[in-house]
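Notes for the one structure printed next.
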Amino acid sequence: MKSTVCRVRFAPSPTGPLHIGGIRTALFNFLFARNRGGEFILRIEDTDQARFVPGAEQYIIESLKWCGIQYDEGPDIGGPYGPYRQSDRKAIYREFAERLIAGGHAYYAFDTPEEINAKRKAAEASGNTFQYDWSTRRQLNNSLSLSSGESKKRVESGMPYVVRFRMPENDEVSITDLIRGEVVFRTGLLDDKVLFKADGLPTYHLANVVDDYLMKITHVIRGEEWLPSLPLHILLYKAFGWEDVMPSFAHLPLILKPGGQGKLSKRDGDKLGFPVFPLQWVDPVSGEVSSGYRETGYLPEAVANMLAMLGWNPGTEQELFTMEELIRTFSLERVGRSGSRFDPEKAKWYNQQYLKRKTDEELAAMFMPVLASRGIERDPGWIAKLVRLIRERIVFPQDMWEKSFFFFQAPLQYDQQMVKKVWKNHTAEIIGALSVQLLEVTDFSSTVLEEKIKSFAERQHMGTGQIMAPLRLLLVGSGTGPHLFDLMELLGKDETVRRIQKGLHEIH
RNA sequence: GGUCCGUUCGUCUAGGGGCUAGGACGCAAGGUUUUCAUCCUUGUAACAGGGGUUCGAUUCCCCUACGGACUACCA
């Protein structure tokens, strides 16, 4: 029987773009599910109307798609346990909240946010902290302190209320986290969390537990920021009587900022000098643009690989993994416990590794749109040849232009430092003579050119370097670039000679 | 403040009672390439501190320090 298929979920809240930490959580869920032949579900947790950001859900979906993280059930593709958007499940939750109240695990609370805030302020003023918990709830406005008739009257009269969990005064919750081992909490220190808000929607805690139960989730893999609310969640499962189907929990270490002040956050945007989002994001209100890995030139497979290695490792020295390999190798046992500082340099290295694995044709295909945007159109075969000459020196596809622009335009100016360095008294004369000879070369290929130019240098009793450096300067305008003879071949005889003539006039 | 989690090179990490503490990124040097890049070689650099336990602790235990998360009618 296949009763033990695992089902995991990624449950982001559409309050803005997903950042790479969120992507990593999704990735680990995905890898875990695929590794065990289970299902991976995307569930949108949009119970906070105030923080809803238009476009965020679509962004999340596109980001996952781009990274190669496919889910089996989700808001856009449906599935047997839908709907997968909590706002569409609104009708479900109230009943569960009431069930909790009936069982004595929760209660109605009528305190207004203002009243609670005032309590907090007052406590703060006297150096204390106010907490809505077993020690204070008797003094507050709720169905535990009020007579049952009074609270019933209030509820029925339509007075705003919330439902709070009745956190036990003296209990201990112990649970084995798949990553952290045994974790113990004393309930007396915990507060009576709101489960159901006055706006008729559940809070994360209720919705999350109810949905995980309803969707038959077997493993909850989420960020470490959720660890403090784990006891609440466990107690909820118990209160509902779902203990026997309660999922296992795994709390992932956080991704920290490179600088070292806390976890990476959405608000970091571009402030850190590298993208924190998978895709570019334009804030719908402010119009502020935050760059994305995709637009910066990162390959999705590089991003996935890089993210996988943040907090997880295979225990071998392998660092480059295809998604298939990650799926095969992944396990929660090899996820570390401590937070990882994100390293933008390593991210670049990963990208370069993946770029190196592309064929000339693939790189050419990436380059053509860049050229097109500059009004340049060339034969794909020719572009592939060009790409071959520059591919070793790029980190991003965009770098290809910077490394090859001189193929499309003769130098407008010449690097003066290089001119000083390589331009000697007789240089112009000698190169002039060479260019005449080049005109006679019928097979203008790299190998032939190399042979011709080397023998020319010999006849002039010069080092080849003394010829090649000025030649490069003339052709490219600077001292660096691809292999000179390959460059000449690709440029072709006419253009090569034209540039030499032009340069000879302009350099003194 | 309270609760919980964590701590191996600058960074990501392997390891785990006895190892020259391994790899990768970065950085540095050398070699190849008459340039640059690639590539190769080498180097750089770590077990937070203090107590235990032990013949022996980086590894196990405790404390301290430091870091982090959480502490909303947000997720």
Side-chain angles (χ1 to χ4, degrees), chain A residues 11-15 22 45-51 86 109 111-113 116-117 120 124 127-129 131-132 160-164 177 179-181 183-186 188-191 193-205 207-208 222-231 251 253-254 256 258 260-263 306 309-320 334 336-350 352 356 389-395 399 403 418 421-422 454 457 463-469 472-473 476 478-484:
Chain A
S13 156
T15 56
E45 310 226 326
D46 55 349
T47 54
D48 185 4
Q49 301 161 311
R51 293 209 310 157
Q86 286 181 334
D111 320 84
T112 66
I116 303 276
N117 279 337
R120 283 211 180 91
E124 215 170 285
N128 295 97
T129 46
Q131 190 168 272
Y132 210 121
Y161 67 84
V162 299
V163 176
R164 284 182 181 271
D177 182 274
I179 291 170
R180 268 143 236 288
V183 191
V184 185
F185 300 88
R186 236 176 242 107
L189 281 351
L190 273 22
D191 66 335
K193 278 272 178 289
V194 170
L195 299 177
F196 199 84
K197 299 180 281 181
D199 66 4
L201 282 165
T203 59
Y204 169 84
H205 301 106
N208 186 261
R222 69 218 316 187
E224 193 187 351
E225 69 267 30
W226 292 109
L227 201 48
S229 42
L230 182 57
H251 289 87
L254 267 14
L256 279 8
Q261 343 70 73
K263 68 167 177 174
M306 178 261 300
M309 302 304 284
L310 232 43
W312 172 84
N313 77 82
T316 65
E317 285 179 356
Q318 185 179 354
E319 296 208 79
L320 265 9
R334 295 211 61 88
R337 282 126 307 198
S338 49
S340 327
R341 200 145 281 161
F342 180 73
D343 183 2
E345 287 305 318
K346 191 102 184 204
K348 283 187 194 166
W349 178 79
Y350 271 108
Q352 196 175 18
K356 275 167 66 175
L389 302 187
I390 56 164
R391 55 175 303 146
E392 297 293 357
R393 51 206 95 196
I394 59 169
V395 175
D399 296 341
K403 299 293 180 195
M418 277 310 289
K421 204 170 151 197
V422 305
K454 281 188 171 164
T464 16
Q466 288 173 272
I467 301 289
M468 290 176 69
R472 175 182 299 283
L473 186 63
V476 175
S478 76
T480 65
H483 190 60
L484 188 61

(request) Return no unless some side-chain N or O of Thr316(A) is found under 4.0 Å from OP1 or OP2 of G23(B). (result) no

(request) State which residues pass ring-ring contact (aromatic ring centres under 6.0 Å, His included) with Trp349(A); sequence neighbours excluded, sorted by chain then number. (result) none

(message) If the condition is side-chain contact (heavy atoms from CB on, under 4.5 Å), which residues does Asp343(A) pass it with, not counting sequence neighbours?
(response) Glu345(A), Lys346(A)

(request) Tell me, please, which residues at least two apart from Ser338(A) pass side-chain contact (heavy atoms from CB on, under 4.5 Å). (result) none

(request) List in chain and number order the residues that pass ring-ring contact (aromatic ring centres under 6.0 Å, His included) with Tyr350(A), two or more places apart in sequence or in another chain; answer none if no residue qualifies. (result) none

(request) Consider only side-chain N and O atoms of Asp48(A) and Tyr204(A), and report whether a donor and an acceptor are under 3.5 Å apart. (result) no

(message) If only side-chain N and O atoms count, and only distance matters, is there a donor-acceptor pair under 3.5 Å linking Arg222(A) with His251(A)?
(response) yes

(message) For Glu224(A), give me all partners under side-chain hydrogen bond (donor to acceptor under 3.5 Å, both in side chains), at least two apart in sequence or on another chain.
(response) none

(request) Sequence neighbours left out, what passes side-chain contact (heavy atoms from CB on, under 4.5 Å) with Glu124(A)? Give chain and number order. (result) none

Pairs under 3.5 Å (N/O, protein and nucleotides 39-41 of chain B):
| from | atom 1 | to | atom 2 | distance (Å) |
| --- | --- | --- | --- | --- |
| C39(B) | OP1 | Lys356(A) | NZ | 2.7 |

(request) With sequence neighbours left out, write down each residue that passes ring-ring contact (aromatic ring centres under 6.0 Å, His included) with Tyr161(A), or none if nothing qualifies. (result) Tyr108(A)

Tabulate protein N/O versus nucleotide N/O from nucleotides 2-7 of chain B, keeping only pairs under 3.5 Å, one per line.
| from | atom 1 | to | atom 2 | distance (Å) |
| --- | --- | --- | --- | --- |
| C5(B) | O2' | Arg180(A) | NH1 | 2.6 |
| C5(B) | O2' | Glu224(A) | OE2 | 2.9 |

(request) Give one of base, sugar-phosphate or nothing for Arg222(A), where a contact means two heavy atoms less than 4.0 Å apart. (result) nothing

(request) Could you state the atom-to-atom distance from NZ of Lys403(A) to C1' of U38(B) in whole Å? (result) 12 Å

(request) Identify, with sequence neighbours excluded, every residue that meets salt bridge (charged side-chain N to carboxylate O under 4.0 Å, His left out) alongside Lys454(A). (result) Glu450(A)

(request) Pick base, sugar-phosphate or nothing for His483(A), based on heavy-atom distances below 4.0 Å to the nucleic acid. (result) base

Can you check nucleotides 72-75 of chain B for protein contacts, nitrogen or oxygen pairs under 3.5 Å, and list what you find?
| from | atom 1 | to | atom 2 | distance (Å) |
| --- | --- | --- | --- | --- |
| C73(B) | O2 | Ala198(A) | N | 2.8 |
| C73(B) | N4 | Asp111(A) | O | 2.8 |
| C73(B) | N4 | Pro113(A) | N | 3.4 |
| C74(B) | OP2 | Lys197(A) | NZ | 3.4 |
| C74(B) | O2' | Asp48(A) | OD2 | 2.9 |
| C74(B) | O2' | Arg51(A) | NE | 3.3 |
| C74(B) | O2' | Arg51(A) | NH2 | 3.3 |
| C74(B) | O2 | Arg51(A) | NH1 | 3.3 |
| C74(B) | O2 | Arg51(A) | NH2 | 3.0 |
| A75(B) | OP1 | Thr47(A) | OG1 | 2.7 |
| A75(B) | OP1 | Lys197(A) | NZ | 3.3 |
| A75(B) | OP2 | Tyr204(A) | N | 3.0 |
| A75(B) | O3' | Glu45(A) | OE1 | 3.2 |

(request) Using a heavy-atom cut-off of under 4.0 Å over every strand shown, decide if Lys348(A) touches base, sugar-phosphate, or nothing. (result) nothing

(request) Describe the nucleic acid contact of Gly311(A) in one word from base, sugar-phosphate, nothing, applying a heavy-atom distance below 4.0 Å. (result) sugar-phosphate

(message) Any base atoms under 4.0 Å from Pro231(A), or only sugar-phosphate, or nothing? Heavy atoms, all strands.
(response) nothing

(message) Could you work out, with side-chain contact (heavy atoms from CB on, under 4.5 Å) as the rule, every residue matching Pro231(A), not counting sequence neighbours?
(response) Val173(A), Phe185(A), Leu190(A)

